[in-house]
Amino acid sequence: MDSTERRIATIQVRDLAIQDARNDLVVGTFGRGIYILDNYTALRSIKPETLKQDAVLFPVKDALMYIQAQPIGGRGKSFQGESYYHG
């Protein structure tokens, strides 16, 4: 397996949920965590003619961008010491 490949663990799937607001499929496994198929909108638009084509470009939504902030000073606990709690 290539180091860039990601596969779901070979373990029992206990729950499937569709998140309508984001068109995500969430898979819950037994004791291993969750997997999320992010924005499966393109899968809903597939038609038999689409599968016969060599390549297809589907439209995509604008993505959200995460910018990490350090409001307390530095990495980790910074100067807050061992008593610092952040929930």
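Distance check, rounded to the nearest 0.5 Å: NZ of Lys52 to NZ of Lys47 gives 14.0 Å. Note that the CG atom of Asp38 and the CG atom of Asp24 stand 4.5 Å from one another [nearest 0.5 Å].
Residues Tyr40 and Val56 share a single hydrophobic cluster, defined by chaining ILVMFWY side chains whose heavy atoms lie under 4.5 Å apart. The hydrophobic clustering, which links ILVMFWY residues whose side-chain heavy atoms are closer than 4.5 Å, places Val60 and Leu43 apart. Residues Leu37 and Val13 are members of one and the same hydrophobic cluster, defined by side-chain heavy-atom contacts under 4.5 angstrom among Ile, Leu, Val, Met, Phe, Trp and Tyr.
When side chains are defined from C-beta on, Phe30 does not count as touching Asp15, because their heavy atoms never get closer than 4.5 Å. Counting heavy atoms from C-beta outward, Arg22 and Asn39 have side chains that stay 4.5 Å or more apart. For the pair Asp20/Ile18, a side-chain contact is recorded, criterion being any heavy-atom separation below 4.5 Å from C-beta on. Using a 4.5 Å heavy-atom threshold, the side chains of Ile46 and Leu51 count as touching.
When all heavy atoms are compared, the tightest approach of Gln12 to Arg14 is OE1-NH1, 3.5 Å. Summarising the geometry of Tyr35 relative to Thr29, their closest heavy-atom pair is CE1-CG2, 3.8 Å, with the distance given to 0.1 Å.
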